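Starting off with a structure, shown below.
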Amino acid sequence: MIKPTQTYSLVLGFLLMSVLGFSQSKKQQELEERRQALRTEIKQINELLFKDKTKQKSQISLIEDVNYRVNVRKNLIQVTNQQANLLTREINDNQNKITELRDELETLKASYAKMIETSYKSKSEQSRVMFLLSSTNFKQAYKRVQYLNQYANYQKEQGESIKAKTAELQETNTDLLRQKADKQKLIEENRVAQRELEKELVQHRELMASITKNLTNYTAQIKKKQREADQIDREIEKIIREAIAASNKKAGKTTTASSGFALTPEAAALAKDFVSNKGKLLWPVEKGVVKVRYGKQPSPLVPSVMIQSTGVRIATEKNAQVRAVFNGEVLRVISSKNGNPTLLIQHGNYITAYSNMAKIYVKKGDKVSTKQPVGEVFTNPANGETILSFSVFKETKTVNPAEWIYRM
């Protein structure tokens, strides 16, 4: 028979294993979601950046694209390794659990067999009656009736425990086989990913070798591209400052250096809604991959040269429509002499900027709604690239779009 202290230890161990199992399952689910997202990203990279081989890309664009795919592939391999390692721990846990369950089952079966043997020896109805009649008083007879009932119930409970433990053991064995199959599948996928990465690294090294020969020229191109981006940013900031001044003037307020938008109740409510949807805003294009992220970062072409990105650059498909990420009002359409138009949409004291447009469907003052098409992204006829630059401003300061757009 299992002692109370043994039962307590078994229950405590079961609860601990359940908590650890839940934690591991949650982590495994998170890793699987991340792995699938990376696989989808690689698929989109291949479709959007490497599918059209008829167009000759510049070395800058090509090295950016190869570098991007290499980094995503490395992340995929890393996440897959984490999954395989977690599965190894889960397999070990299940193997330990199977050993414990088998020991518990043997103990239960031995205890049950002993009870059955004892019960068999005293199973006749006559011996039961004599057991009751031999009582010295009614109280003792009553207690003996209770004992017989409890003993019968305990036998039944032991039988049910054996049945439950047997089922649990079978389920754990099934889980173990599935986990081993899942781990093997991950290992095979990682081998394929590793081979692909090796090919891409060879291409990356060859490109970097050719760029190193003419480093001065490529450095100049990067800096020129940065100056063009900075010029657009300054123009956007100027327009936002003018809009802030106009809103304060309309409200009868004096504009200072730290002034923000003087919001109407309607605009304040819109800004509140915009903020409440932080992290849930839709992408400005239906399909795309982020080639350049927000913030200061080394150039993928010349790592010694730092670039400052006030938004994100999204590679998308040809003729891709641009969508308003949230309800708002068109603040301005900026026409540039050296580049393509930029669209500014105001959401209270927040502004979203969409640059490198080919067509714009809206004009200043138009109300737009979430997901409404507002234009098309420009496709470079020379290299076939379709890149949308997207930024989010709070007043005149940029914020990281990845914190606002869903899974960017």
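What you are looking at is a predicted structure, and each value in this text was computed from that prediction instead of being measured.
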Check your understanding: Atom NZ in K291, atom CD1 in I45: separation rounded to 0.5 Å?
Key -> 10.5 Å
**Study point:** Worked verdict on Q36 versus E32 for side-chain hydrogen bond (donor to acceptor under 3.5 Å, both in side chains)
**Key:** CA-CA 6 Å; Q36 292 302 334; E32 178 61 18; 2.7 Å; yes
Point to revise | Any donor-acceptor N/O pair, N190 side chain to L186 backbone, under 3.5 Å | key: no
Check your understanding: Any donor and acceptor pair, going by atom type alone, linking the side chain of T316 with main-chain N or O of G288 inside 3.5 Å?
Key -> no
Exercise for review: Tell me, yes or no, whether the heavy-atom count around K238 atom NZ, taken from other residues, nucleotides or ligands under 6.0 Å, exceeds 12.
Suggested key: no
Check your understanding: When F390 is tested against each of T352, V285, V322 for side-chain contact (heavy atoms from CB on, under 4.5 Å), which residue passes?
Key -> T352
Exercise for review: List the atom of G375, the atom of Y361, and the distance in Å for their closest heavy-atom pair.
Suggested key: N-CD1, 3.4 Å
Check your understanding: Which heavy atom in V289 sits nearest to a heavy atom in E41, and how many Å separate them?
Key -> CG1-O, 4.0 Å
Review point. Would you call L301 and Q221 a side-chain contact if the rule is heavy atoms closer than 4.5 Å?
Key: no
Point to revise | Min side-chain heavy-atom separation Y350-W404 under 4.5 Å | key: yes
Review point. Between CD of E376 and OG1 of T386, what distance do you get to the nearest 0.5 Å?
Key: 10.5 Å
Check your understanding: Taking atom CG of L31 and atom CD of Q78, what is their separation to the nearest 0.5 Å?
Key -> 10.0 Å
Practice item. Could you tell me whether the side chain of V374 reaches within less than 4.5 Å of the side chain of I360, counting heavy atoms only? Key: no
**Study point:** Student check: side-chain heavy atoms of K364 and V333 closer than 4.5 Å
**Key:** no
Exercise for review: Take E188 and K185 through the salt bridge (charged side-chain N to carboxylate O under 4.0 Å, His left out) test and state the conclusion after the steps.
Suggested key: CA-CA 5 Å; E188 290 300 324; K185 184 180 177 183; over 6 Å; no
Point to revise | Under 3.5 Å donor-acceptor, H347 side chain and N327 backbone | key: yes
Review point. With distance as the sole test, does R323 use its side chain to make a donor-acceptor pair with the main-chain N or O of W283 at under 3.5 Å?
Key: yes
Exercise for review: Keeping the roles fixed (side chain from Y68, backbone from V290), state whether a donor-acceptor pair exists under 3.5 Å.
Suggested key: yes
Practice item. Apply the side-chain hydrogen bond (donor to acceptor under 3.5 Å, both in side chains) test between T310 and each candidate in N400, D233, T398; give the one that qualifies. Key: D233
Review point. So do Y354 and V377 actually touch side chain to side chain, heavy atoms under 4.5 Å?
Key: no
Point to revise | salt_bridge(R89, D93) N-O dist < 4.0 Å | key: no
Practice item. For residues S299 and I222, report the shortest heavy-atom separation together with the two atoms involved. Key: OG-CD1, 3.4 Å
Check your understanding: Are L176 and Q179 side-chain neighbours, meaning at least one heavy-atom pair lies under 4.5 Å?
Key -> yes
**Study point:** side chain to side chain contact (heavy atoms under 4.5 Å, CB included) between E30 and R34, worked out
**Key:** CA-CA 6 Å; E30 290 171 357; R34 177 65 179 147; over 6 Å; no
Point to revise | side-chain hydrogen bond (donor to acceptor under 3.5 Å, both in side chains) between Q226 and D230, intermediate numbers included | key: CA-CA 6 Å; Q226 182 69 60; D230 291 343; 2.9 Å; yes
Practice item. Count the heavy atoms of every other residue, nucleotide or ligand shown that sit under 6.0 Å from CD of E286, and state whether that count exceeds 12. Key: no
**Study point:** Exercise: identify the closest heavy-atom pair between F50 and V66
**Key:** CZ-N, 3.9 Å
Review point. Counting only N and O atoms by type, is there a donor-acceptor contact under 3.5 Å from the side chain of Y294 to the main-chain atoms of E403?
Key: no
Check your understanding: Is there a donor-acceptor contact under 3.5 Å from the side chain of N277 to the main chain of D273?
Key -> yes
Point to revise | Test item: D366 side-chain N/O and V330 main-chain N/O as donor-acceptor pair under 3.5 Å | key: no
**Study point:** Salt-bridge contact R313-E385 (side-chain N to carboxylate O under 4.0 Å)
**Key:** no
Point to revise | Heavy-atom side-chain contact between R39 and R35 under 4.5 Å | key: yes
Point to revise | Check: E395 main-chain N/O paired with N349 side-chain donor or acceptor under 3.5 Å | key: no
Check your understanding: Taking all atoms of both residues into account, what is the closest heavy-atom pair of L331 and Q346, and its distance?
Key -> CD1-OE1, 3.5 Å
Practice item. Identify the two heavy atoms, one from A262 and one from S247, that lie closest to each other, and give their separation to 0.1 Å. Key: N-OG, 3.1 Å
Check your understanding: Hey, does I187 have a side-chain heavy atom less than 4.5 Å from the side chain of K183?
Key -> yes
Point to revise | Pair D175-E171, side chain to side chain contact (heavy atoms under 4.5 Å, CB included): steps then yes or no | key: CA-CA 6 Å; D175 287 343; E171 185 180 349; 4.2 Å; yes
Review point. Do the side chain of T379 and the main chain of G384 share a donor and acceptor less than 3.5 angstrom apart?
Key: no
Practice item. Please lay out, stage by stage, how I236 and S391 fare under the test side chain to side chain contact (heavy atoms under 4.5 Å, CB included). Key: CA-CA 10 Å; I236 292 172; S391 304; 5.8 Å; no
Practice item. May I ask you to say whether R102 pairs ionically with E106, meaning some side-chain N is under 4.0 Å from a carboxylate O? Key: no
